[in-house]
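Written below as structure tokens is the structure these notes are about.
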Amino acid sequence: MGLMTEPHQEYDYIALGVDQGIANIGYSVTGINGKQEVVIRSGTFKTTTKHEFKERLNLIYEFIKELIETYNVDVIGLEKLFFNPKQKGDGMRNKSADIMRTNMVSGLIFLLASQYKKVVYDYTPGTVKKYVAGHGHASKEKLREHVEELAVSSGIVIKTEHEADAIGISLTALKQYIELTAKKGVEECVK
């Protein structure tokens, strides 16, 4: 699929937000025109264990690549992952293996950002709360409320938590990119 520039005719800037995972990948494309923010597209991309792990990674790579090309995004945001050994699991899952595989998806996104010369940021939950809800100590419910408002005003019905998280990440990337380009210029942000 070739580059499509039509979305940029309507929007000043476009961001792609990704809540990365292996089985469920939340994604959101948001744009801004003047001061009007809008969710252009969002959802949850799924892979299953019927494919080998390497095939699942390739499916994710191709999907994110298609989003970058289709919407000619300016910036990509994703969740900053960390491993907490004290985090309680269901006892059956190896949390360190899960985080390692999810970090492979993060690596794919950074690779795509490099290939397409796109700015990429990864965010902690506190940063997303700051940009979306107004302060870094906002509750998850307050964050979800702001994300829901934007989705509803854009005609989007959020179906999964992954999708909601991706909308928050995308909106954060969009806002931070606008801040930084206003200060430094686009050329500096891409370096």
Side-chain angles (χ1 to χ4, degrees), residues 1 4 7 14-31 38-84 87 89-90 93-116 118-125 127-129 131-132 140 143-144 146-148 150-151 154-177:
M1 178 179 287
M4 291 178 51
I14 297 177
L16 168 62
V18 182
D19 178 34
Q20 68 271 35
I22 297 298
N24 298 291
I25 302 92
Y27 67 91
S28 176
V29 178
T30 57
V38 65
V39 179
I40 301 167
R41 178 178 172 189
S42 66
T44 303
F45 181 77
K46 296 178 182 277
T47 68
T48 66
T49 55
K50 74 177 183 178
H51 294 103
E52 289 183 36
F53 180 67
K54 65 183 180 184
E55 293 168 334
R56 294 171 86 179
L57 284 176
N58 190 59
L59 289 169
I60 295 165
Y61 176 90
E62 291 298 329
F63 180 72
I64 299 298
K65 176 181 167 186
E66 180 183 336
L67 289 173
I68 292 168
E69 289 182 353
T70 300
Y71 296 98
N72 193 21
V73 301
D74 297 295
V75 60
I76 302 167
L78 58 148
E79 183 179 28
K80 184 176 275 189
L81 301 174
F82 61 92
F83 176 68
N84 179 356
Q87 184 178 6
D90 57 18
R93 296 176 58 195
N94 181 337
K95 292 289 183 186
S96 62
D98 286 350
I99 198 80
M100 184 177 78
R101 288 181 166 225
T102 302
N103 269 325
M104 289 181 191
V105 175
S106 300
L108 289 178
I109 296 167
F110 275 93
L111 175 64
L112 282 162
S114 175
Q115 290 172 340
Y116 284 89
K118 302 298 179 183
V119 177
V120 63
Y121 304 116
D122 54 348
Y123 299 109
T124 63
T127 302
V128 174
K129 289 175 182 178
Y131 277 92
V132 178
K140 187 146 176 95
L143 176 63
R144 180 65 186 244
H146 285 279
V147 165
E148 286 279 350
L150 180 61
S154 302
I156 300 285
V157 176
I158 297 173
K159 296 183 178 84
T160 69
E161 192 67 31
H162 304 290
E163 180 181 3
D165 289 348
I167 292 171
I169 293 166
S170 182
L171 189 56
T172 301
L174 185 65
K175 289 180 175 188
Q176 186 178 37
Y177 183 76

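We count residues from 1, following the sequence as given.
The heavy-atom pair separating T30 from I40 by the smallest distance is C-CD1, 4.0 Å. Residues Y27 and A166 approach most closely at N-CB, 3.4 Å, considering heavy atoms. The two residues I25 and Q20 come nearest to each other via the heavy atoms CG2-CA, 4.4 Å. Shown here for I76 and A173, the closest heavy-atom pair between the two residues is C-CB, 4.3 Å.
I109 places none of its side-chain heavy atoms less than 4.5 Å from the side chain of S106. In this structure, the side chains of N72 and K118 come closer than 4.5 Å at one or more pairs of heavy atoms.
Distance check: L59 CG to T48 OG1 gives 8.5 Å after rounding to the nearest 0.5 Å. Between the CD atom of E62 and the CD atom of E69 there is a distance of 8.5 Å, given to the nearest 0.5 Å. R101 contributes atom CZ, which lies 8.0 Å from atom CG of L57 (distance to the nearest 0.5 angstrom). The CG atom of L112 sits 4.5 Å away from the CD1 atom of I68 when rounded to the nearest 0.5 Å.
No donor-acceptor pair closer than 3.5 Å links the side chain of S28 to the backbone N or O of G17. Judged by distance alone, with hydrogens and angles left aside, the side-chain atoms of T47 form a donor-acceptor pair with the main-chain N or O of I22 at under 3.5 Å. Proximity of a side-chain donor or acceptor of D74 to a complementary backbone N or O of I14 within less than 3.5 Å is detected.
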field: Derivation of the side chain to side chain contact (heavy atoms under 4.5 Å, CB included) call for I158 and R144
entry: CA-CA 10 Å; I158 297 173; R144 180 65 186 244; 3.6 Å; yes
query: Are V39 and V147 close enough, and set up right, to give a side chain to side chain contact (heavy atoms under 4.5 Å, CB included), and what steps lead you there?
result: CA-CA 10 Å; V39 179; V147 165; over 6 Å; no
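Judged by the 6.0 Å distance and 45° axis criteria, R41 is not positioned over the aromatic ring of Y71.
Each of D19, D165, N24, T44 was compared with T160 under the side chain to side chain donor-acceptor pair (under 3.5 Å) criterion, and only T44 meets it.
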